[in-house]
J.: 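The structure that follows is given in the form of structure tokens.
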Amino acid sequence: MRITYRKNDSLAYWTQRWADVEADEPMENRASYPLKYALEAVARSSAPRGGRICEAGCGNGRLVRYFMRSGCNIRGFDFIPEAISKIKSVEPDAEVETGDILNLSYPDEYFDTFLAFGLYHSLPYELQDQAMQETFRVLKPGGVLCASFRADNLCTRISDYLRQPARKEEKKKFHKLNLTRREWEHVLLRNGFTVEKMDCVVNMPILYKFKCFRHATHKNFDEHKGRCEGYLLNLPGKLLWKVLYIIFGGGRCVMFLLFRLEKSRVK
Ligand SMILES: C[S@@+](CC[C@H](N)C(=O)[O-])C[C@H]1O[C@@H](n2cnc3c(N)ncnc32)[C@H](O)[C@@H]1O
């Protein structure tokens with residue numbers, strides 16, 4: 001287990017993060033994280049169109065807006081009220097609300113599909129069981145949870161080293177929890193989930209930070225666009241990325257994605 005410390009704790013970080021950007025456009029690139037995996041989770045649900053879908057930690061709404069437009073029954077929550085207001089300002093009919101994964105207001109066994117990208121690792125290890133039990137409670141038996149978690153690996157260690165606060169006293173605030181694949185799996189199993197598959201995924205490839213590797217339509221760094229279209233690389237970027245993958249393997253991935261977690265019928 002490794003903890004990433006930053007200048008701001010998770011709540012302060014996300015408050016600032018979502019205050020700084022516009023509401024997301026509905027995501028467009030179905031081949032890109034996280035939409036690609038959300039679609040697969042929905043397709044694997046036994047309920048038509050994923051049944052009642054929840055996006056936990058919906059942020060500024062790129063997935064909620066995508067699934068609304070696709071005619072799915074989706075509901076989202078996030079613990080940052082401003083993120084929710086931003087979604088509402090562009091999508092008044094969106095069923096989104098402020099909420100905390102640690103204490104959900106939904107009834108037991110309410111959702112067929114539960115999406116949670118990059119949320120659980122915002123909580124310290126001591127709160128993981130509470131978050132998982134709340135998730136378990138609101139998910140129907142046989143329901144599907146699709147979630148991504150920050151990996152404790154070479155890639156995140158390098159990234160954290162490069163981004164560590166300049167002054168030592170700033171290192172105090174908990175920012176993210178990093179666990180190995182086996183450790184995340186253990187957290188889920190002991191809370192009643194069956195882990196079907198775990199994949200390595202990357203949100204923004206590090207090469208995207210360099211203009212020379214970005215796709216021609218993404219030459220100006222625009223996170224808003226990247227969040228909607230995916231962080232697109234040009235051909236040299238894609239080739240180099242493949243080489244890095246061969247060299248580092250799973251070591252380069254930033255998150256593990258538990259692609260299909262099925263809530264067991266017996267806990
Ligand atoms: C990595 S972002 C993902 C946002 C969105 N799912 C997306 O893919 O664009 C993680 C989100 O989880 C939210 N979050 C973190 N801790 C939370 C908590 N305890 N309860 C609810 N939301 C939380 C953050 O505010 C943030 O919006």
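As the structure lists them, so they are numbered: ligands from 1, and atoms in each ligand from 1.
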J.: For atom 6 (N) of ligand 1, what's the nearest protein heavy-atom neighbour? Residue, atom name and distance, please.
T.: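 For atom 6 (N) of ligand 1, the nearest protein heavy atom comes out as E55 OE2, 2.6 Å.
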J.: Which residue holds the protein heavy atom closest to atom 27 (O) of ligand 1, what is that atom called, and what is the gap in Å?
T.: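 So the nearest neighbour among protein heavy atoms is D78 OD2, 2.6 Å.
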J.: For F117 and Y33, take the angle between the two ring planes, folded into 0 to 90°, and tell me which bin it lands in: parallel under 30, tilted 30 to 60, perpendicular over 60.
T.: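 Rings of F117 and Y33: perpendicular, over 60°.
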J.: Taking only Lys NZ, Arg NE, NH1 and NH2, and the carboxylate oxygens of Asp or Glu, determine whether D160 and K176 approach each other closer than 4.0 Å.
T.: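 Answer for the salt bridge query: no.
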J.: What do you reckon, does I101 have a nitrogen or oxygen under 3.5 Å from a nitrogen or oxygen of ligand 1?
T.: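 Between I101 and ligand 1, an N or O pair is found under 3.5 Å apart.
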J.: Counting only heavy atoms, tell me which of C58, G99, G61 gets closest to atom 21 (C) of ligand 1.
T.: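 Checking each option, the heavy atom nearest atom 21 (C) of ligand 1 is found in G99.
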J.: Does ligand 1 have an atom under 4.0 Å from some heavy atom of M27?
T.: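 Not so, M27 does not reach ligand 1.
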J.: Would you say the side chain of L39 lies within less than 4.5 Å of the side chain of F67, judging by non-hydrogen atoms?
T.: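 The answer is yes, as the side chains (C-beta and beyond) meet within the 4.5 Å cut-off.
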J.: I80: heavy atom below 4.0 Å from ligand 1, yes or no?
T.: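 I80: in contact with ligand 1 (<4.0 Å).
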J.: Check the pair R69, E91 against salt bridge (Lys or Arg N to Asp or Glu O under 4.0 Å), reporting the backbone distance first and the verdict last.
T.: CA-CA 11 Å; R69 276 173 172 52; E91 201 82 69; 2.9 Å; yes
J.: Under 3.5 Å between any N/O of A56 and any N/O of ligand 1: does that happen in this structure?
T.: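 No: no nitrogen or oxygen of A56 is under 3.5 Å from one in ligand 1.
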J.: Got a salt bridge between R137 and E134, using NZ or NE/NH1/NH2 to carboxylate O under 4.0 Å?
T.: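 Yes, R137 and E134 are salt-bridged.
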J.: Closer than 4.0 Å to some heavy atom of R227 - which atoms of ligand 1 meet that?
T.: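 What qualifies from ligand 1 is 7 (C), 9 (O).
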J.: Among all protein non-hydrogen atoms, which one is nearest to atom 16 (N) of ligand 1, and what is the separation to 0.1 Å?
T.: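 Among all protein heavy atoms, the one nearest atom 16 (N) of ligand 1 is F79 CZ, 3.4 Å.
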J.: For atom 1 (C) of ligand 1, which protein heavy atom lies nearest, and how many Å away is it?
T.: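 Protein heavy atom with the smallest distance to atom 1 (C) of ligand 1: W14 CH2, 3.5 Å.
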J.: Distance under 4.0 Å to a non-hydrogen atom of S122: what atoms of ligand 1 satisfy this?
T.: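 Atoms satisfying the 4.0 Å criterion: 15 (C), 16 (N).
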J.: For atom 3 (C) of ligand 1, find the nearest protein heavy atom and state the residue, atom name and distance (0.1 Å precision).
T.: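 Here the closest protein heavy atom is F117 O, 3.3 Å.
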J.: With heavy atoms only and a cut-off of under 4.0 Å, state how D100 meets ligand 1: side chain, backbone, both or neither.
T.: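 Both backbone and side chain of D100 come within 4.0 Å of ligand 1.
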J.: Any carboxylate oxygen within less than 4.0 angstrom of a Lys/Arg side-chain nitrogen, looking at D78 and K86?
T.: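 Salt bridge absent between D78 and K86.
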J.: Taking it one step at a time, do Y120 and Q128 satisfy side-chain contact (heavy atoms from CB on, under 4.5 Å)?
T.: CA-CA 7 Å; Y120 297 104; Q128 290 301 324; 3.7 Å; yes
J.: Please list, in number order, the atoms of ligand 1 under 4.0 Å from a heavy atom of G59.
T.: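 Those atoms are 27 (O).
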J.: Could you tell me whether some N/O pair between S10 and ligand 1 is separated by less than 3.5 angstrom?
T.: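 Between S10 and ligand 1 (N or O atoms, distance only) the closest approach is not under 3.5 Å.
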J.: Are W14 and L177 connected in the hydrophobic side-chain network, where two residues link if heavy atoms are under 4.5 Å apart?
T.: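 No, W14 and L177 fall in different hydrophobic clusters.
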J.: Can you figure out which of A131, A38, A116, G57 has its heavy atom closest to atom 12 (O) of ligand 1?
T.: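 Ranked by closest heavy atom to atom 12 (O) of ligand 1, first place is G57.
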J.: Name the one of R6, H121, K7 that satisfies side chain to side chain donor-acceptor pair (under 3.5 Å) with H175?
T.: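 Going through the options one by one, the only one that passes is R6.
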J.: If the threshold is 4.0 Å, N to carboxylate O, is there a salt bridge linking R65 and D24?
T.: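 Salt bridge: no.
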J.: What do you reckon, does R17 put a non-hydrogen atom under 4.0 Å from ligand 1?
T.: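 Judged by the 4.0 Å heavy-atom criterion, R17 does not count as contacting ligand 1.
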J.: For atom 10 (C) of ligand 1, which protein heavy atom lies nearest, and how many Å away is it?
T.: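 For atom 10 (C) of ligand 1, the nearest protein heavy atom is G118 O, 3.5 Å.
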J.: Under 30°, 30 to 60°, or over 60°: which ring-plane class applies to F193 and F136, parallel, tilted or perpendicular?
T.: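 Plane angle over 60°, so perpendicular.
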J.: Taking all non-hydrogen atoms of both residues, which atom of R214 and which atom of H218 are closest, and how far apart?
T.: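 The pair with the smallest heavy-atom distance is NE-O, 2.9 Å.
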J.: Only heavy atoms of P34, strictly under 4.0 Å: list the atoms of ligand 1 that pass.
T.: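 Reading through ligand 1 atom by atom, the close ones are 8 (O).
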J.: Please check whether R62 reaches ligand 1 - meaning an N/O of the residue sits under 3.5 Å from an N/O of the ligand, judged on distance alone.
T.: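 Yes, there is a polar N/O contact under 3.5 Å.
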